[in-house]
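Working notes for the structure below.
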Amino acid sequence: MQTNTTLQEQRKAPLKRNDPPAVQAILILLTLLFFAIFIFMPLGLVFAEGLRKGVAVYLEAIREPFALSAVKLTLITAAIVVPLNAVFGVTAAWAISKFSFKGKTLLVSLLDLPFAVSPVIAGLIFVLLLGTRTGFGSWLGDHGIKIIFSTPGIVIATLFVTFPFVARELIPLMEAQGREEEEAAITLGARGWQVFSRITLPNIRWGLMYGMILCMARSIGEFGAVSVVSGHIRGMTNTIPLHVEILYSEYNYTASFAVSTILVFLALVTIAIKSLMEKNVHNHQPTQH
Amino acid sequence: MSIDIKNLTKRYPGYTALDDITLNVQKGELVALLGPSGCGKTTLLRIIAGLETADSGSVILEERDTTNLPAREKNVGFVFQHYALFRRLNVFENVAFGLRVRPSSSRPSKSEIRDRVEHLLKLVQMDWAIKRYPSQLSGGQRQRVALARALAVNPKVLLLDEPFSALDAKVRQELRRWLRKLHDDIHVTSIFVTHDQEEALELADRIVVINKGKIEQQGAPQEVYDHPANAFVYNFLGNVNVFHGRVKDGKVLVGDQLIEAGHASGLPEASDGQAFIRPHEIGVSRIRSGENDLAGIIREIRLMGGQIGLELETAAFDKPIEAEIPRDIWRNLQLSKGDEVFITLDRVKVFTGDYEI
Ligand SMILES: Nc1ncnc2c1ncn2[C@@H]1O[C@H](COP(=O)(O)OP(=O)(O)OP(=O)(O)O)[C@@H](O)[C@H]1O
Ligand SMILES: [Mg+2]
């Protein structure tokens with residue numbers, strides 16, 4: 001993961017080197033080749049495959065009700081998960097970087113758990129925890145609250161697997177910035193929320209946005225954990241990746257690739273936002289010292 | 001507004017940062033806290049400002065016990081060592097911050113804020129940089145903006161943590177004089193931290209020398225400089241030659257050389273004694289001027305601005321003596337390396353007991 005400073009450094013003009021032209025040419029060629037084989041070709045194939053039977057079939061595949069409901073569920077999930085994880089992430093990063101307390105190192109290590117553990121396991125944990133086989137799960141069921149095999153379960157599983165993005169992005173940033181600006185604000189008479197909204201938040205703005213974008217990308221694309229808790233009910237609990245997988249396993253390749261193009265499209269939008277932001281960070285981030 | 005600090009103690013795990021500090025600062029006074037790195041200066045300022053809590057003791061600002069008051073309500077201006085300007089706000093907004101965050105009942109109007117900020121920026125000679133961001137300013141300029149920002153809320157007390165430490169010698173001296181003048185104009189009770197004795201001596205009404213969380217001595221700069229209470233203070237306030245020895249007949253025996261103990265008579269017999277003398281207090285001449293003079297040989301000559309530094313080797317001491325003489329005396333004496341000279345040490349000060357820095 002990158003912090004704003006590394007983003008900035010990357011945008012600096014490349015060093016002038018005196019490598020022989022042949023070496024340069026080979027390196028550039030290799031890079032392009034790699035991009036072609038591993039990025040452009042697969043992306044192109046997705047579109048080609050999706051459009052193979054013509055535009056009409058393509059449009060039909062992405063306009064059928066099950067596909068639309070998968071898109072809707074995916075967007076709803078992202079719309080809930082990203083803001084929540086932004087709040088959790090800022091809170092956790094704040095606590096970890098600005099206070100010292102017992103168990104802090106443990107907390108920092110635990111923060112990586114969602115990355116370290118396989119998404120399938122993450123899903124299973126929630127099925128065990130909230131499914132009908134535990135007391136809590138059946139109590140919820142008795143009160144008409146259904147979490148597993150329904151939208152809340154998908155949201156919770158996605159929350160879990162995307163939790164670290166924002167916090168991981170912010171902790172180094174906030175640690176580097178220290179506490180002094182906040183302390184200065186306090187001695188000038190600012191209240192807690194004034195310090196946060198006027199000093200802390202603007203200082204972490206770009207890092208926060210970046211973390212949220214990564215979080216969004218993952219929550220849209222998450223497969224494993226969601227697959228376990230979803231139950232694959234068509235038109236109800238299928239997200240786009242699950243829908244793609246179902247179509248694929250039904251040998252409905254064209255539809256499967258057609259729906260995949262939606263994911264690719266969302267990914268491209270994410271990348272576009274991200275690079276726009278990096279430009280912004282580069283142009284407008286005044287740094288002290 | 002006066003500051004009354006009573007029996008302040010602050011402990012960190014395994015370390016006492018402040019040990020029973022009692023200090024009184026008069027209204028309108030400019031006091032320097034002077035001490036080596038890690039002696040607790042910043043900790044003391046932070047406790048006064050309410051950014052840190054003391055384990056015991058109290059801080060009284062103008063008869064009001066503010067020990068447990070949150071920092072926000074103390075109305076203490078704090079200038080941080082690294083300025084801590086708000087990097088996302090321009091110079092104007094930095095200075096206006098303290099006024100803007102006031103509750104609407106006591107917040108000045110927009111035009112009042114503008115007038116006040118512009119007035120302050122003029123005062124610190126930064127009015128030309130109103131729209132700049134902190135990253136576009138030099139260290140000295142940031143320092144001034146930080147000062148204006150602290151002054152904007154009309155603090156009753158101004159605390160400055162090593163305000164000039166990050167600046168080069170020239171700018172430092174300039175800002176120092178300028179701060180003294182500013183203080184003479186606005187008379188806000190101020191404490192500033194420094195580990196530069198010259199700065200403290202030049203700038204302060206009173207200096208407080210701290211070592212290892214304890215106050216070693218406080219008083220007017222001249223008084224502390226001329227009459228240091230102990231070896232630590234003497235040593236900290238400038239370059240010194242130290243001779244370790246034992247007290248004998250009111251003199252100090254260093255090696256087999258007796259050094260006159262000066263005014264510090266009544267020293268306990270046979271105790272450990274150290275004789276101190278500053279390089280510029282040492283007399284150097286071609287001819288013997290008194291019976292206590294030592295013969296020595298010039299080993300090294302250093303040009304030090306207006307002064308000339310001499311490294312003198314003597315038979316009596318195993319360490320060379322550092323002396324400083326004015327350039328014209330040096331020229332008159334026509335001294336060069338290897339010459340034999342006579343050294344007068346009659347201005348030595350003697351302290352007993354051991355000390356560490
Ligand atoms: N949060 C902390 N935890 C543990 N020890 C601390 C903490 N803050 C400060 N100290 C210790 O307290 C002592 C005093 O620190 P302080 O910052 O007041 O020193 P200082 O006199 O300002 O030094 P300097 O001139 O280097 O700034 C130091 O020895 C430091 O190691
Ligand atoms: Mg300090």
Side-chain angles (χ1 to χ4, degrees), chain A residues 3-5 7-9 11-12 90 94 97-105 170 172-210 277 280-289, chain B residues 12-13 42 45-46 48-52 69-91 93-103 106-107 132-139 142 145-146 148-155 157-159 161 166:
Chain A
T3 64
N4 285 341
T5 32
L7 290 179
Q8 268 184 315
E9 277 156 18
R11 297 206 138 256
K12 279 182 190 148
V90 170
W94 179 289
S97 61
K98 311 239 164 174
F99 307 126
S100 48
F101 51 90
K102 273 211 181 93
K104 180 164 143 175
T105 32
L170 291 184
L173 191 64
M174 289 170 106
E175 268 174 356
Q177 289 176 349
R179 254 195 307 213
E180 276 205 339
E181 280 184 52
E182 276 94 358
E183 285 179 341
I186 291 170
T187 62
L188 290 168
R191 279 146 211 285
W193 62 269
Q194 289 176 317
V195 176
F196 181 74
S197 63
R198 289 170 187 245
I199 305 301
T200 312
L201 200 56
N203 278 354
I204 60 170
R205 193 170 50 196
W206 296 117
L208 176 60
M209 292 271 268
Y210 191 68
M277 262 181 44
N280 230 322
V281 170
H282 179 60
N283 291 340
H284 296 291
Q285 192 179 39
T287 46
Q288 229 167 327
H289 306 305
Chain B
Y12 289 113
T42 300
L45 283 203
R46 289 175 61 85
I48 298 173
L51 292 172
E52 204 96 55
L69 214 59
R72 170 163 61 78
E73 288 167 27
K74 283 206 171 183
N75 201 5
V76 165
F78 202 115
V79 178
F80 291 80
Q81 189 167 352
H82 300 291
Y83 326 123
L85 290 180
F86 306 132
R87 71 190 81 190
R88 300 279 171 197
L89 303 179
N90 64 22
V91 167
E93 289 301 326
N94 260 280
V95 179
F97 185 88
L99 300 172
R100 290 217 200 282
V101 295
R102 286 193 183 165
S106 61
R107 193 187 311 143
R132 292 218 189 170
Y133 282 86
S135 58
Q136 299 165 323
L137 300 176
S138 76
R142 287 180 202 174
V145 174
R149 181 179 69 177
L151 291 173
V153 292
N154 267 326
V157 164
L158 189 59
L159 307 174
D161 193 357

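Protein chains get the first letters and strands the later ones, always in sequence-line order, with residue 1 at the start of each. For the numbers below, each heavy atom of this structure counts, side chains included, while hydrogens, waters and symmetry mates do not.
Residue contact with chain B, scored on non-hydrogen atoms closer than 4.5 Å, involves the backbone and the side chain of A/I186 alike. Using a 4.5 Å cut-off between heavy atoms, B/A150 touches chain A through its backbone atoms (N, CA, C, O) alone. If you measure heavy-atom distances from B/V76 to chain A, the contacts under 4.5 Å come from the backbone alone. Only the side chain of B/R46 comes within less than 4.5 Å of a heavy atom of chain A; its backbone N, CA, C and O stay farther away.
No donor-acceptor pair under 3.5 Å is formed between the side chain of B/K74 and the backbone N or O of B/L51. Under a 3.5 Å cut-off, the side chain of B/R72 and the backbone N or O of A/R191 do not form any donor-acceptor pair. Although no hydrogens or angles enter the test, the distance criterion places a donor-acceptor pair under 3.5 Å between the side chain of B/R88 and the main chain of A/P202.
A 4.5 Å side-chain heavy-atom check between B/R100 and B/E93 finds at least one atom pair inside the cut-off.
Rounded to the nearest 0.5 angstrom, B/N75 CG and B/L69 CG are separated by 10.5 Å.
In terms of heavy-atom pairs under 4.5 angstrom with chain B, the leader among A/R198, A/R179, A/E183 is A/E183.
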